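As the structure is a prediction and not an experimental result, all values here were calculated from the model. If you read the sequence from its start, that first residue is 1, and numbering goes on from there.
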Amino acid sequence: MKKHIAAAALAAGTLFAAVLPVAAQVYITVAPPAPIVETVPASPGGGYVWVPGYYRWNGHQYVWVHGHYVRHAGHWCGGKWHHNAARGWWYTDGHWC
């Protein structure tokens, strides 16, 4: 019985993993512009964290995404543009750390 449960769990996990989309890394040959200097407004209250603005690639050009406050108890580690001479530029999203 335990073997059947383990096999079913393994099969379900494999099936679930197979249908999850895999994010493709997109490389851009043009460097992003210098970040826009934003004035950080006063916090709307306790427990809010400022998430700075950044450039994102919309498939044709860089588009500025304005910074904003979010309610969260953690620390925001901002996203970052990286460069590889052979491939180009790519972005890693910010996250709570």
Open item on the list: Glu38 vs Trp64, test: side chain to side chain donor-acceptor pair (under 3.5 Å). Steps then yes/no.
Closed with: CA-CA 11 Å; Glu38 295 182 305; Trp64 182 253; 3.2 Å; yes
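- Counting heavy atoms from C-beta outward, Gln61 and Val63 have side chains that approach closer than 4.5 Å.
- Between Val51 and Trp76, the shortest heavy-atom distance links the atoms CG1-NE1, 3.4 Å.
- Listed for the Tyr69 side chain is a donor-acceptor partner under 3.5 Å among the backbone atoms of Pro41.
- Exactly one residue among His82, Gln25, Lys80 makes a side-chain hydrogen bond (donor to acceptor under 3.5 Å, both in side chains) with Thr92. That residue is His82.
- The minimum heavy-atom distance between His72 and Val49, with the atom names listed, is O-CG2, 3.4 Å.
- With Tyr91 contributing its side chain and Tyr55 its backbone, the two residues share no donor-acceptor pair below 3.5 Å.
- In terms of hydrophobic clustering, with Ile, Leu, Val, Met, Phe, Trp and Tyr side chains grouped at heavy-atom distances under 4.5 Å, Trp96 and Val65 are assigned to different clusters.
- Under the 4.5 Å side-chain heavy-atom criterion for grouping Ile, Leu, Val, Met, Phe, Trp and Tyr, Trp50 is connected to Tyr48 within one hydrophobic cluster.
- Between the NE2 atom in His83 and the OG1 atom in Thr29 there is a gap of 9.0 Å [rounded to 0.5 Å].
- Taking the six-membered ring wherever Trp is involved, the centroid distance between the rings of Tyr62 and Trp81 falls below 6.0 Å.
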